[in-house]
Asks: 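Supplied in structure tokens, the structure appears directly below.
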Amino acid sequence: MRLAALWRTSPKLLAGFAILIFFFVIAFIHPFIVDAIGRGQNPLAIGAYPAWLMPSSTHLLGTDRYGRDLMAMTVTGLWASLQVGVMAGVFSTFIGILIGFTAGFKGGKVDAILSTTTDMFLVIPFFPLLILLSAYTRNTTLWQVALMLTAFSWPFAARTIRAQVLSLRSRPYVDLARANKMTDMEIIFQELVPNMLPYIGVGLANASLGAIFALVGIEVIGLGPSGAIDLGLMIAWAVAWGSMSLGAWPLFVAPVTVLSLLFMAVNLINVGLEETYNPRLRRVAGA
Amino acid sequence: LASSATTLSPSQVGRLRAPGPRAWLAKHPYVAYAIRRFLIFLVTLWGALTVAFLFYRLVPGDPIQSYITSLEQVGIYNVEASKEALEHYRRVFGLEGNLLQQYLFYLNQLFIQRDLGPALINYPTSAQVGIVRALPWTIGLLGLSAVFAFVLGVLLGGVVGWLRGRWAAEWLTNVSVALSHVPFYFVGLMLVFLFAYRLNWFPSSAAYNPAYERGFNLDFILSVIRHGTLPALSIVIIGVMNWLISTRMLIVPTLGEDYLTYAEAKGLSPRRILTSYALRNAYLPQVTAFGISLGGIFNGNVIVEQLFNYPGLGALLVQAVGVLDFNTIQGIVAMTIVVVLTANLIIDLILPLLDPRVKYWR
């Protein structure tokens with residue numbers, strides 16, 4: 001009933017959520033999918049099947065250079081990619097909330113210093129530094145990579161949250177809260193944060209995707225965490241093994257499609273929320 | 001930046017009639033704004049370069065030690081010589097002394113000597129030689145495609161907004177909404193696979209065919225264009241989609257405004273109304289956004305160049321990181337910071353002259 005209402009007001013929002021939830025479920029149950037593909041043996045073991053098989057009914061996406069099943073690899077990689085993305089997204093959103101709220105709500109000198117610092121971080125081309133960092137830290141875990149990515153993605157979160165706080169803090173209900181002698185912290189957590197949850201959610205999703213995207217970038221260059229297969233590593237292998245000239249398209253088409261659909265889902269949610277919460281924009285931001 | 005730019009204004013108002021430079025500045029608000037904006041530029045530049053410096057030093061490991069170790073591994077091994085070499089390289093690369101001394105060395109290198117020091121990938125040639133050699137390729141590829149994507153995206157965004165409700169316009173918008181955040185190199189991968197390996201229309205790597213002599217001859221120029229098409233397309237396609245969506249968002253709310261109705265009533269052609277009335281109001285904020293987006297475009301470009309084996313800054317950077325060539329890495333990062341900040345400065349300085357509505361100097 002409510003789903004139907006949501007579908008009518010914003011099909012984009014619903015479609016975006018559906019895609020996102022679908023991939024999270026797939027990632028979450030990936031051990032079962034891998035088992036089902038392997039039927040007792042490990043489909044990700046080297047030499048499990050003949051190499052470079054094309055998609056068929058037994059191997060939906062074929063196999064790679066070492067005869068590993070690509071379907072099993074994609075779902076396993078999706079889990080690893082989502083883990084890194086969500087971790088980095090949560091960390092950077094947390095820092096972004098802290099800095100964005102302080103800057104936007106306090107205003108004045110505090111805001112000037114915090115915003116200038118944020119702007120400084122924004123213009124630093126973070127990708128070269130990220131490459132450098134991963135070149136030094138060869139044997140990193142997914143956790144460490146997530147922390148590294150956080151160091152560069154928090155400014156985006158901080159900036160959008162600050163802008164939003166600036167527009168909210170002069171609303172009448174904040175004045176009312178002030179008149180009721182609520183403290184700054186109370187106003188932030190009881191009045192502002194609840195009103196901004198959709199934006200924070202979108203920011204979190206964007207930061208997570210940004211982290212996944214940056215990680216894929218590092219891996220395409222041949223760096224990145226060791227010991228875990230993720231979607232970026234599959235693309236890196238496709239490039240390194242010349243699977244494009246071999247015509248072995250599933251190795252890069254599978255991860256690129258999955259990642260693109262994830263980007264699309266978050267974008268749809270983004271636009272959908274904007275339309276739902278800002279009725280003036282409805283039918284504007286791509287009807 | 002805009003908020004801190006206005007902090008001086010109350011005192012100026014008070015001193016409007018007092019003699020001296022402040023009164024002069026109060027009468028010339030644009031000059032006052034330009035000076036403030038330039039000071040902010042200097043502070044941001046210093047801050048960004050310092051953050052980058054601290055970042056290099058925070059990175060665990062010792063680049064010189066690993067360089068010597070890699071030399072030792074290829075056979076040149078002598079404990080005494082290694083020690084001497086280590087000290088020599090430390091001095092040359094500015095890794096001697098405490099953090100402050102290293103910092104001063106870094107700033108001195110960047111601003112006073114304007115020499116980045118020797119590059120490890122090409123020792124003892126200075127790092128900027130390699131950078132200067134790579135720069136034209138990146139500017140040509142990235143600069144041209146970024147500007148082209150911007151112009152095309154803003155125009156298309158205007159048209160799509162103008163024709164909202166028509167199925168073709170809506171279709172284009174929805175495709176753009178879906179794909180606009182896909183990274184450049186995804187598109188690059190697909191383009192290489194389809195057009196270079198499958199259809200064989202374009203070459204898959206390098207910037208030109210080495211068979212032709214470099215210079216102003218038709219063969220060479222055509223070869224550069226042929227090689228540049230796919231990497232440029234991968235940047236342009238995603239760029240156009242981004243600018244299309246944001247321009248459409250800016251233009252649709254203005255379509256109901258009185259001045260557009262008036263323009264229509266005057267009997268102007270729809271094309272004239274779109275370009276001189278509707279787009280004119282929408283493109284200025286987009287110019288600011290363009291400046292801000294430059295840094296991000298460079299990030300994506302690094303992988304595109306790597307993917308296409310394009311001899312620009314991105315590929316050089318990856319090569320330098322491979323051997324931990326600090327001077328080259330520092331040089332590329334510093335250069336990108338300077339270019340992005342300068343571009344933003346220029347845009348911010350020109351914008352108030354173009355747009356009478358922008359009053360930065362309230």
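Model, not experiment: these values are computed from the prediction. Hydrogens, waters and symmetry mates are skipped; everything else that's a heavy atom, side chains included, is used. Letters A, B, ... mirror the listed sequences (proteins, then strands); counts begin at 1.
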Asks: Can you tell which part of B:F193 gets under 4.5 Å to a heavy atom of chain A, answering side chain, backbone, both or neither?
Replies: both

Asks: Under 4.5 Å from any heavy atom of chain A, what part of B:V302 do you find: side chain, backbone, both or neither?
Replies: side chain

Asks: When rounded to the nearest 0.5 angstrom, what distance separates CD in B:Q306 from CD1 in A:I131?
Replies: 8.5 Å

Asks: Is chain B contacted by the side chain of A:I235, its backbone, both, or neither, given a heavy-atom distance below 4.5 Å?
Replies: side chain

Asks: With a 4.5 angstrom heavy-atom cut-off, which part of A:F156 approaches chain B: side chain, backbone, both or neither?
Replies: neither

Asks: Which atom pair, heavy atoms only, marks the closest approach of A:G217 to B:Y185?
Replies: N-OH, 3.4 Å

Asks: Pick whichever of B:L179, B:L294, B:L317 has the most heavy-atom pairs under 4.5 Å with chain A.
Replies: B:L317

Asks: Could you have a look at B:L172, B:I303, B:V192, B:V182 and say which one has the most heavy-atom pairs with chain A under 4.5 angstrom?
Replies: B:I303

Asks: Quick check: closest heavy atoms across A:V239 and B:L189, and the distance to 0.1 Å?
Replies: CG2-CD2, 4.0 Å

Asks: Under 4.5 Å between any side-chain heavy atoms of A:V253 and B:M190, yes or no?
Replies: yes

Asks: Using non-hydrogen atoms and a 4.5 Å limit, figure out which bit of B:L45 sits close to chain A: side chain, backbone, both or neither.
Replies: neither

Asks: Who among A:N206, A:L209, A:V216 has the most heavy-atom pairs with chain B under 4.5 Å?
Replies: A:V216

